[in-house]
Structure formats: structure tokens, C-alpha cells
Amino acid sequence: MNHILKIIAYGLGGLALVVGSFVTFSALTGTPMHEMKAVGSMFPEHVEAEVTDESTMLPDAEAEREADVRSPRQIYESAASPLGAFALQDPFSAEELRALERTLQTKLDEVARRARELDQREQQLEDDRRHIEDLYEQMVTLRTSVLEETADNEAATDELSRDRRVLEERESRTYAQMASLFEDTKATEAARLLTSIYAPEEAARILVQLDDDRVRELIGAIHTILPDEARQYVLALQDLRATESTD
């Protein structure tokens with residue numbers, strides 16, 4: 001066993017001697033170890049670290065602070081949360097969100113108010129429509145009643161016209177019979193009797209039944225006995241004749 005340890009120790013010592021020789025040679029000649037023959041493959045090529053501009057590697061803290069538009073409360077909330085570093089930046093601040101919420105609520109209230117107004121207008125229109133229908137039904141009923149009443153009035157008017165014609169015919173026959181009493185009587189006596197019993201209008205109804213010569217005699221006699229009232233009898237006679245000629 002000691003013999004084996006000696007052999008290993010001698011081998012390691014020889015190897016150290018060889019490597020030391022090459023290192024010494026490399027240092028004296030300036031030849032890199034990886035370029036030396038035989039042992040160059042044992043030494044890797046020295047790789048120099050690439051030096052870059054630190055300004056391009058590390059973010060500018062001042063620029064980041066200026067670009068950060070979050071409110072202090074948002075920054076605090078993001079820092080307080082363990083997941084704050086992974087959260088995306090909120091495009092709106094809390095005050096802006098509250099303003100948007102108030103605006104939205106105002107719009108919703110306006111829409112609700114207009115909806116109530118539309119419902120009220122629809123209800124009012126429905127009430128107006130029912131009122132118009134009621135008025136129409138009342139007008140139809142009233143029209144029917146007026147037509148019936150008009151028909152009754154026309155029938156009554158026709159009946160009244162017939163009755164009036166019958167009455168006028170009776171009165172005409174009566175006045176004709178009465179006029180016969182003044183045909184042969186002396187004019188003065190007939191005029192006195194006519195004016196003492198009848199008013200000018202009724203006397204005219206009797207005079208119109210007589211012929212024109214007899215009427216002139218009686219009018220002359222009335223003028224003689226009643227000069228102040230004779231004109232009334234004359235006017236009544238003229239009006240009656242004008243009415244009969246119009247009819």
C-alpha cells in the first residue's frame with residue numbers, strides 16, 4: 001500500500017513540475033496557455049466580459065418617476081400588495097373613476113326620469129283617448145236624440161200647420177159671415193158698429209171680405225165719425241192685404 005502511494009505522489013509531483021514549467025515558459029515568452037502545443041487544449045480560451053453602457057442596462061429611476069402618472073394612493077396600494085409589482089398600471093385615477101361613476105349615475109337618473117315621463121305621457125294619451133271615445137258616444141247619443149226630437153218637432157209643426165190652416169179657414173169663414181152683416185147696412189151705421197166692436201186688426205179682417213167700393217164707403221164713414229182713429233184702420237187694412245198678397 002505504501003508503495004502505491006509513493007507512485008501516485010511521484011506522478012503528481014512530476015505533473016506539477018511539467019505544468020509549472022509550461023506556466024513559467026508561458027509567462028517568460030508571453031504566449032497564452034491555450035496557444036501552447038500539446039497542453040493548449042487543457043486550458044480554455046480566456047473570455048473577456050463585454051463592457052456595456054450602464055445607462056442602457058439599468059433603467060433611469062428619475063425618468064421612471066416622471067413617466068409614472070399614478071397617484072400617491074395608487075403607488076402605495078401597489079407597493080402594499082405582494083402582487084403589486086405584477087399589476088398593470090390603472091389608466092384612471094380613483095378621483096377620475098369616481099367622476100365617471102357620478103357621470104354615469106347622472107345619465108342613468110336622466111334616462112329613468114325620461115322613462116317615467118314617457119310612461120306618464122302614454123298614460124295621459126290613453127286617458128285622452130278614452131275621454132274622446134266617451135265624448136264620441138255622448139255625441140252619437142245626443143245626435144240620435146236630436147234627430148228624434150227634430151222628427152217629433154217636424155211632425156208637431158206639420159200638425160200645427162194643419163191646425164193653423166184649419167183655424168184660419170174657420171176664421172175666414174167666420175169673418176166672411178160677419179162681413180155679410182156690413183154689406184147692406186148704411187155706411188155710417190156699419191162704420192159705427194164696426195169700430196165699436198172690433199179693433200183695427202179685426203176690423204181689417206172683415207173689411208177685406210168686402211168689395212172695394214163697399215170698403216171705401218166704410219173707410220170714409222169711419223173717417224167721419226172717428227177722424228183721429230181712421231188712419232189706424234186704413235193701415236191695418238193695408239198690412240193685411242200686403243200679407244195676403246205675399247202668401
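To the nearest 0.5 Å, atom CD of residue E201 and atom CD of residue Q232 are 8.5 Å apart. Taken from CZ in R129 to CD in E122, the straight-line distance is 12.5 Å, to the nearest 0.5 Å. Distance NE2/H223 to CG/D228: 9.5 Å, rounded to 0.5 Å. Taking CG of L104 as the reference point, atom CG of L108 lies at 4.5 Å (rounded to 0.5 Å). We find the OG1-CZ distance between T243 and R241 to be 12.5 Å, quoted to the nearest 0.5 Å.
Using a 4.5 Å cut-off on side-chain heavy atoms (C-beta onward), T188 and T224 make no contact. At a threshold of 4.5 Å between non-hydrogen side-chain atoms, the residues L207 and I219 count as touching. Considering only heavy atoms from C-beta on, T185 stays 4.5 Å or farther from L193 through its side chain. When side chains are defined from C-beta on, E148 counts as touching T144, because their heavy atoms get closer than 4.5 Å. L218 is listed as a side-chain neighbour of R214, based on a closest heavy-atom distance under 4.5 Å.
For E101 and R98, the salt-bridge test fails: no basic side-chain N is under 4.0 Å from an acidic carboxylate O. Under 4.0 Å is where a charged nitrogen must lie from a carboxylate oxygen, and between R205 and E202 no such pair does. Between E117 and R121 no salt bridge is recorded (no basic side-chain N to carboxylate O distance below 4.0 Å). Taking 4.0 Å as the cut-off between side-chain N and carboxylate O, R130 and E137 do not count as a salt-bridged pair.
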Quick one, D134 with Q138, criterion side-chain hydrogen bond (donor to acceptor under 3.5 Å, both in side chains). Give me CA distance, side-chain angles, the key distance, then yes/no. CA-CA 6 Å; D134 293 339; Q138 294 177 9; over 6 Å; no
Applying side-chain contact (heavy atoms from CB on, under 4.5 Å), run through Q123 and D119 and close with a yes or a no. CA-CA 6 Å; Q123 184 62 40; D119 292 339; over 6 Å; no
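Under the 4.5 Å side-chain heavy-atom criterion for Ile, Leu, Val, Met, Phe, Trp and Tyr, V215 and L226 are members of distinct hydrophobic clusters.
Take Q124 and apply the side chain to side chain donor-acceptor pair (under 3.5 Å) test, not counting sequence neighbours, and it matches D128. Legend: residues meeting salt bridge (charged side-chain N to carboxylate O under 4.0 Å, His left out) with E110, ordered by chain and number and at least two apart, are R113, R114.
A pairwise comparison of heavy atoms in L237 and V208 identifies CD1-N, 4.1 Å as the closest pair. Between A221 and A191, the shortest heavy-atom contact is CB-CB, 3.5 Å.
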